[in-house]
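Here is the structure we will look at, set down as structure tokens.
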Amino acid sequence: MKSTRPRMARCRLKPEDPSMDIWGVHNDSLTTELVDDGFISVGWDGLPDLTTIPNGREGLKKALTKHDPDAKPRSIAGQAGVLLRFRDEMQQGDLVVAPYKPESTINLGVVTSEYYYEPGAVTHRHRRRVEWRKVGLPRTVFSQSALYEIGSVLTVFRIRRHEQEFLTAFHSAEGSVDDLAEAVDHVVDKTEIDGESDEPRASRIERHTRDFVLETLHRDLTHREFEEFTAALLRTLGYQARVTPFSQDGGVDVIAHRDPLGVEPPQLKVQCKHRTATVSAPEVQQLIGTQGVGDLSIFVTLGGYSRDALAIERQRTGLRLLSGEDVVSLVLDNYADLPEIWKAVLPLARILVVADSVGT
């Protein structure tokens, strides 16, 4: 079957254009291909090409009901709304804000095509072309309230209350993460956000908690304290861990081992980067250069890794690259065993929250 994919048009984004919308788009099924191939997509693979479904929202509701007759009317209405926004309401030239969960980053791009159907795709066949302009932005660049807004439980949604933050990031000149964060902070200071908020469901509260942990580790710790925290985290996993002297670490910040004396292999050598910027392949190679026979290596950062760095991890045994999202997961999974000094830095409480499935 032939793809209905349209040709991609290059669009110029004008922040003053009142017709431009800013869309949040979630995708938990696809990863690097979204950026590599330049598109956004939604699921609903049981539905055909959406352009073949007539009668707007009612037509989509009818098709969804036929596909899933046991779904509740409220759920059908919500799904139809998402598909209608993606197929009809999104326009070329609109800005896309796409959280990238595996690396806890955010990608910004411009919609450059109408909706199209990709029948040969394994999944997520409903698509639009996107020209990605900013990729891999750390979540810590944006305010907590902005992150909360893009944590919507919807797959496709309009961003209404923090659009200036994302426009500022989109139009900013290439520079350091700190420069970008400063520019966004300047906008936040000038913008009053009203008290409106969406319903706090489980996934949004979890994302809020993860963002809090990541931001606190980045903002409130020095590099040396981050090394101490990493050692403490390894101890919760059953390792004996110690931080190396600061000026003589040779690229190794923490040494860990299972036996109390540290004489039995394997020895774990850990390098820590207390930053949210992307870690490059040469930095990973530096850690590999410290490995002795039987040694294992872990790189720990609050950001992500370049494609070349990840390729090294795939090709080399005994090497593990931990991203900021991985660090947060370890913190949440082992929080009860952290020393009180670190719990005071990251005060968290376990609670029961409303499940995302309520009302669907």
Side-chain angles (χ1 to χ4, degrees), residues 1-8 21-92 94-102 106-107 109-132 149-159 198-199 201-204 206-207 355-360:
M1 184 175 179
K2 188 176 180 180
S3 170
T4 60
R5 180 192 311 186
R7 294 181 64 184
M8 183 173 69
D21 282 317
I22 303 179
W23 299 92
V25 179
H26 291 295
N27 192 324
D28 292 336
S29 297
L30 303 180
T31 54
T32 56
E33 57 267 49
L34 295 170
V35 171
D36 293 344
D37 297 334
F39 68 91
I40 53 175
S41 62
V42 295
W44 288 274
D45 293 328
L47 296 184
D49 184 339
L50 298 182
T51 60
T52 66
I53 302 176
N55 303 323
R57 184 186 298 268
E58 292 305 314
L60 289 169
K61 287 167 66 175
K62 183 176 180 181
L64 287 163
T65 301
K66 182 179 179 180
H67 173 64
D68 187 5
D70 295 328
K72 296 178 181 178
R74 183 174 177 181
S75 174
I76 291 293
Q79 294 178 57
V82 169
L83 295 177
L84 189 73
R85 287 190 287 274
F86 189 77
R87 184 190 69 179
D88 299 342
E89 297 179 10
M90 189 178 288
Q91 300 294 318
Q92 294 185 54
D94 285 353
L95 174 64
V96 171
V97 179
Y100 184 51
K101 190 174 180 179
I106 294 173
N107 300 329
V110 181
V111 178
T112 58
S113 81
E114 300 294 334
Y115 161 86
Y116 70 92
Y117 183 69
E118 188 66 73
V122 176
T123 187
H124 275 236
R125 303 183 185 100
H126 308 292
R127 302 183 176 189
R128 279 180 178 266
R129 303 295 298 175
V130 168
E131 180 183 323
W132 297 108
E149 182 175 8
I150 64 172
S152 170
V153 296
L154 298 176
T155 303
V156 179
F157 54 95
R158 280 186 176 87
I159 294 173
D198 297 319
E199 278 192 351
R201 299 294 180 96
S203 60
R204 299 193 60 153
E206 180 189 12
R207 185 66 262 175
D356 289 342
S357 59
V358 171
T360 62

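Below, each value reflects all heavy atoms present in this structure, side chains not excepted, and no hydrogens, waters or symmetry copies. This one's a predicted model, so the numbers in the text were calculated from it and none came from an experiment. Residue numbers run from 1 in the order of the sequence given.
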Nearest 0.5 angstrom please: [X] [atom1] to [Y] [atom2], how far?
{"X": "Gln91", "Y": "Glu114", "atom1": "CD", "atom2": "CD", "result": "6.0 Å"}
{"X": "Tyr115", "Y": "Ile40", "atom1": "OH", "atom2": "CD1", "result": "12.5 Å"}
{"X": "Leu154", "Y": "Gln79", "atom1": "CG", "atom2": "CD", "result": "11.0 Å"}
{"X": "Tyr100", "Y": "Ile106", "atom1": "OH", "atom2": "CD1", "result": "14.0 Å"}
{"X": "Leu83", "Y": "Thr155", "atom1": "CG", "atom2": "OG1", "result": "8.5 Å"}

Item to complete: Could you check Tyr117 against Leu50 for side-chain contact (heavy atoms from CB on, under 4.5 Å), going step by step and ending with a plain yes or no?
Response: CA-CA 8 Å; Tyr117 183 69; Leu50 298 182; over 6 Å; no
Worksheet entry | Those residues that, when tested against Asp45, pass side-chain contact (heavy atoms from CB on, under 4.5 Å) (two or more places apart) | Thr123, Arg125
Worksheet item: Under the ring pair (Phe, Tyr, Trp, His ring centres under 6.0 Å) rule, what pairs show up with a residue in residues 30-76, not counting sequence neighbours?
Response: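 Ring pair (Phe, Tyr, Trp, His ring centres under 6.0 Å) check on residues 30-76 returns no pairs.
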Using the salt bridge (Lys or Arg N to Asp or Glu O under 4.0 Å) criterion, which residues pair with [X]? Sequence neighbours excluded.
{"X": "Asp36", "result": "Arg307"}
{"X": "Arg87", "result": "none"}
{"X": "Arg85", "result": "none"}

Worksheet entry | Any donor-acceptor N/O pair, Asp94 side chain to Asp21 backbone, under 3.5 Å | yes
Worksheet item: Okay, side chain of Arg128, backbone of Ser113: is any donor-acceptor separation there less than 3.5 Å?
Response: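 Pair found, side chain donor or acceptor close to backbone of Ser113.
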Kindly write out the residues that satisfy side-chain hydrogen bond (donor to acceptor under 3.5 Å, both in side chains) with [X], not counting sequence neighbours, or none if the list is empty.
{"X": "Ser41", "result": "Asn27, His124"}
{"X": "Thr31", "result": "Glu33"}
{"X": "Asn107", "result": "none"}

Worksheet item: If you look only at pairs with a residue in residues 60-69, which of them pass as a salt bridge (charged side-chain N to carboxylate O under 4.0 Å, His left out), with sequence neighbours excluded?
Response: Glu58-Lys61
Worksheet, complete the sentence: Note: Trp132 and Ala98 closest approach over all heavy atoms is CH2-CB, 3.8 Å
Worksheet item: Can you name the residues that form a ring pair (Phe, Tyr, Trp, His ring centres under 6.0 Å) with Phe157, not counting sequence neighbours?
Response: His26
